[in-house]
There are 2 protein chains.
Amino acid sequence: MITPYDDTYFMKKALEEAKAAFDKGEIPVGAVIVIDNRIIARTHNLTETLTDVTAHAEMQAITAAANFLGGKYLKGCTLYVTLEPCQMCAGALYWSQIDKIVYGAKDAQRGCGAMGTTLHPKTSIVGGVLEEEASMLMKRFFIEKRNLN
Amino acid sequence: MITPYDDTYFMKKALEEAKAAFDKGEIPVGAVIVIDNRIIARTHNLTETLTDVTAHAEMQAITAAANFLGGKYLKGCTLYVTLEPCQMCAGALYWSQIDKIVYGAKDAQRGCGAMGTTLHPKTSIVGGVLEEEASMLMKRFFIEKRNLN
């Protein structure tokens, strides 16, 4: 069976969210959470808009997905996020017991891999899906920001 | 000069919040954030009430304090929390660049120490303030919960 619902399909949706963040002057990170090929959360980084370090795309996505499901555990769910989650977000994902994390660009400095954050034993993690697109958007953001200052 | 404003004074305020969580059937963790001896955030764990794994006392306190200050960095602030922060909360505190973290009871399994979470280089951390009170409240909660089930 041919299905459009693969990791690339959902990462494109996360990238759309990242672009929405970019347009608001936020570090462009976007996320979606999916269950049974259905998107139940679409979020992007809002740390500047909300003046709140906890307003990463993933944190909002976890809250939104739990709200949709009516339960705090994200069993059967996959998170697609354009940048590798940080310690905070990976720590939240640990509590959520989410099935799978798929990220785009690696964060070699502050990503959960480099930081050694523990994921839940039930959670698998895959990186590098549409990495180039996510990475280019981040680079463009920081170049434009530098030129403005 | 004699001042009532020491770590014990503020941890008592955090313990009051933990008791409020207890009364709601929440794992009893409470937090306050203080700047210049003034409490600018008082929060307790609401993960069950909000059906949200991100609703730890510390996360709410960071959001509330940033809202009070009008800026996302908690410079000059101290967090008092009755239980050692987890990876998620320590990760959020990393982003906040908070000056100091004071906790009550150690979380030997899921605390940021055991989990190896990286704190911001500007942040100091101290544990064991009113540890017995915080620990007893936790134990009472789990004993009562076990007896109910």
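Within every chain, numbering begins at 1; the chains are lettered A, B, ... in the order of the sequence lines, protein sequences first and strands thereafter. These values consider heavy atoms only, across backbone and side chains, with no hydrogens, waters or symmetry-generated copies.
- Note on A:V34: it does not cluster hydrophobically with A:L74, by side-chain heavy-atom contacts below 4.5 Å among ILVMFWY residues.
- The same ILVMFWY cluster, assembled from side-chain heavy atoms under 4.5 Å apart, contains both A:M88 and B:I101.
- In this structure, chain A has a heavy atom under 4.5 Å from the side chain of B:E48, while its backbone stays farther away.
- In the hydrophobic clustering of this structure, B:M138 does not group with B:V32; members are Ile, Leu, Val, Met, Phe, Trp, Tyr whose side-chain heavy atoms approach within less than 4.5 Å, directly or through other members.
- In this structure, A:I33 is not a member of the same hydrophobic cluster as A:L15, with clusters built from ILVMFWY side-chain heavy atoms closer than 4.5 Å.
- Top candidate by heavy-atom pairs under 4.5 Å with chain A, chosen from B:L69, B:D52, B:I62, is B:D52.
- Here the CG atom belonging to A:L50 is positioned 11.0 Å from the NZ atom belonging to B:K72, to the nearest 0.5 angstrom.
- Around the OH atom of A:Y5, the shell of radius 6.0 Å holds no more than 12 heavy atoms that belong to other residues, nucleotides or ligands.
- Listed for the B:Q87 side chain is a donor-acceptor partner under 3.5 Å among the backbone atoms of A:T118.
- Considering only heavy-atom pairs separated by less than 4.5 Å from chain A, the leading option among B:T47, B:N67, B:T51 is B:T51.
- Within the 4.5 Å cutoff, no side-chain heavy atoms of A:C86 are placed close to those of B:Y94.
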